[in-house]
K.L.:
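The structure under discussion is supplied below as structure tokens; questions concerning it will follow.
Hydrogens, waters and symmetry mates are skipped; everything else that's a heavy atom, side chains included, is used. The model shown is predicted, which means the values in this text are computed figures rather than measured ones.
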Amino acid sequence: MTAASQLVMSVPVDASAIAHAWLKDFIELTASGNAHHFTTKLFKPGGWFRDILVFTWDTRTLHGHRKISDYLKKKPASTSITNVVLDETPELHPSPFTLLFGQGIEFSFRFETPITFAWGLAWLLPMALSGMKALSMFVIMEDLKGHKESGAETGLYGG
């Protein structure tokens, strides 16, 4: 059975409960430090992971369990994830989406590492035998702790 044939074509209505459950697994699997379990339990086999300055001082786009797992195995210990919360911003609250081959749930979440404030976006699809898994997850550094942006330009350039 291929990964595509494992898709379930209907999604339960409570997008918020699904997002909370997936984030609970995300928190537990992140804390475990096992990159292989993190990847296989949270991502579809052909899933995508995009990291912008959260785990390294670089930008990465990775496809598939092996590449995501290999990348996460090499991340520095200083990038442990804490304070994970569902983002309740109205435009980013958990909501269903539809693709040609099924429906899923999309949502935003916030978290911290020891040196950054960050946020992420996840797009989940149901898998017949294993619940909701990420088709794609995007994480980005929002701010460095102790180095907040100073604000808008003060007028030197007419701003």
K.L.:
Please find the pair of heavy atoms, one from Pro126 and one from Gly104, that lie closest to each other, and give the distance.
P.N.:
CD-CA, 4.5 Å

K.L.:
If we ignore angles and hydrogens, is there a donor and acceptor under 3.5 Å between the side chains of Asp87 and Thr89?
P.N.:
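Thr89 and Asp87 do have a side-chain donor-acceptor pair below 3.5 Å.
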
K.L.:
Taking side chain as C-beta onward, heavy atoms only, is Ile140 less than 4.5 Å from Glu142?
P.N.:
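No, too far: nothing below the 4.5 Å cut-off.
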
K.L.:
At their closest point, which heavy atom of Leu125 faces which heavy atom of Gln103, and how far apart are they?
P.N.:
CD2-O, 3.5 Å

K.L.:
Answer yes or no: is there an ion pair linking Asp70 with Lys74, defined by an N-O contact shorter than 4.0 Å?
P.N.:
no

K.L.:
Do Phe26 and Phe109 have ring centres separated by under 6.0 Å?
P.N.:
yes

K.L.:
Can you tell if the side chain of Leu42 reaches within under 4.5 Å of the side chain of Lys133, non-hydrogen atoms only?
P.N.:
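In short, these two side chains do not touch, never coming nearer than 4.5 Å.
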
K.L.:
Is there a chain of hydrophobic side chains (I, L, V, M, F, W, Y, each step under 4.5 Å between heavy atoms) that links Phe138 to Val85?
P.N.:
no

K.L.:
Take Ser95 and Glu106, measure what side chain to side chain contact (heavy atoms under 4.5 Å, CB included) needs, and give me the verdict at the end.
P.N.:
CA-CA 6 Å; Ser95 59; Glu106 60 186 348; 3.7 Å; yes

K.L.:
Which heavy atom in Pro114 sits nearest to a heavy atom in Lys145, and how many Å separate them?
P.N.:
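Shortest heavy-atom separation between Pro114 and Lys145 comes out as O-CD, 3.5 Å.
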
K.L.:
To the nearest 0.5 Å, how far apart are OG1 in Thr39 and NZ in Lys44?
P.N.:
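Spacing of OG1 (Thr39) from NZ (Lys44) equals 14.5 Å.
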
K.L.:
With a 4.0 Å cut-off, would you call Asp51 and Arg60 a salt bridge?
P.N.:
no

K.L.:
Does a side-chain heavy-atom distance below 4.5 Å link Ile18 with Pro94?
P.N.:
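Ile18 vs Pro94: side chains apart.
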
K.L.:
Using side-chain heavy atoms (C-beta onward) and a distance below 4.5 Å, is Tyr71 in contact with Arg66?
P.N.:
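Counting from C-beta outward, Tyr71 and Arg66 never come under 4.5 Å.
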
K.L.:
Look at the rings of Trp22 and Phe107 and say which category their plane angle falls in: under 30° parallel, 30 to 60° tilted, over 60° perpendicular.
P.N.:
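Perpendicular, since the angle between the ring planes exceeds 60°.
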
K.L.:
Does some side-chain heavy atom of Met137 sit less than 4.5 Å from a side-chain heavy atom of Trp48?
P.N.:
no

K.L.:
If you look at every heavy atom in Ile105 and Ala15, which pair is closest and at what distance?
P.N.:
CD1-CB, 3.6 Å

K.L.:
If you compare all heavy atoms of Ala118 against all heavy atoms of Val54, which two are closest, and at what distance to 0.1 Å?
P.N.:
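Nearest heavy atoms, Ala118 then Val54: CB-CG2, 4.0 Å.
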
K.L.:
Do Leu92 and Trp119 come close enough that some side-chain heavy atom pair is under 4.5 Å?
P.N.:
no

K.L.:
A side-chain contact here means heavy atoms from C-beta on lying under 4.5 Å apart; do Thr30 and Phe38 qualify?
P.N.:
yes

K.L.:
Hey, are the side chains of Phe43 and His65 touching, using non-hydrogen atoms and a 4.5 Å cut-off?
P.N.:
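They are in contact (side-chain heavy atoms under 4.5 Å apart), so the answer is yes.
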
K.L.:
Has His93 got a side-chain atom pairing as donor or acceptor with Pro90's backbone, closer than 3.5 angstrom?
P.N.:
yes

K.L.:
Under 6.0 Å between ring centres, would you say that holds for Phe117 and Phe111?
P.N.:
no

K.L.:
Quick check: closest heavy atoms across Leu86 and Ser108, and the distance to 0.1 Å?
P.N.:
CD1-O, 3.5 Å

K.L.:
Can His20 and Ser16 be said to form a side chain to side chain contact (heavy atoms under 4.5 Å, CB included), step by step?
P.N.:
CA-CA 6 Å; His20 278 287; Ser16 185; 3.5 Å; yes

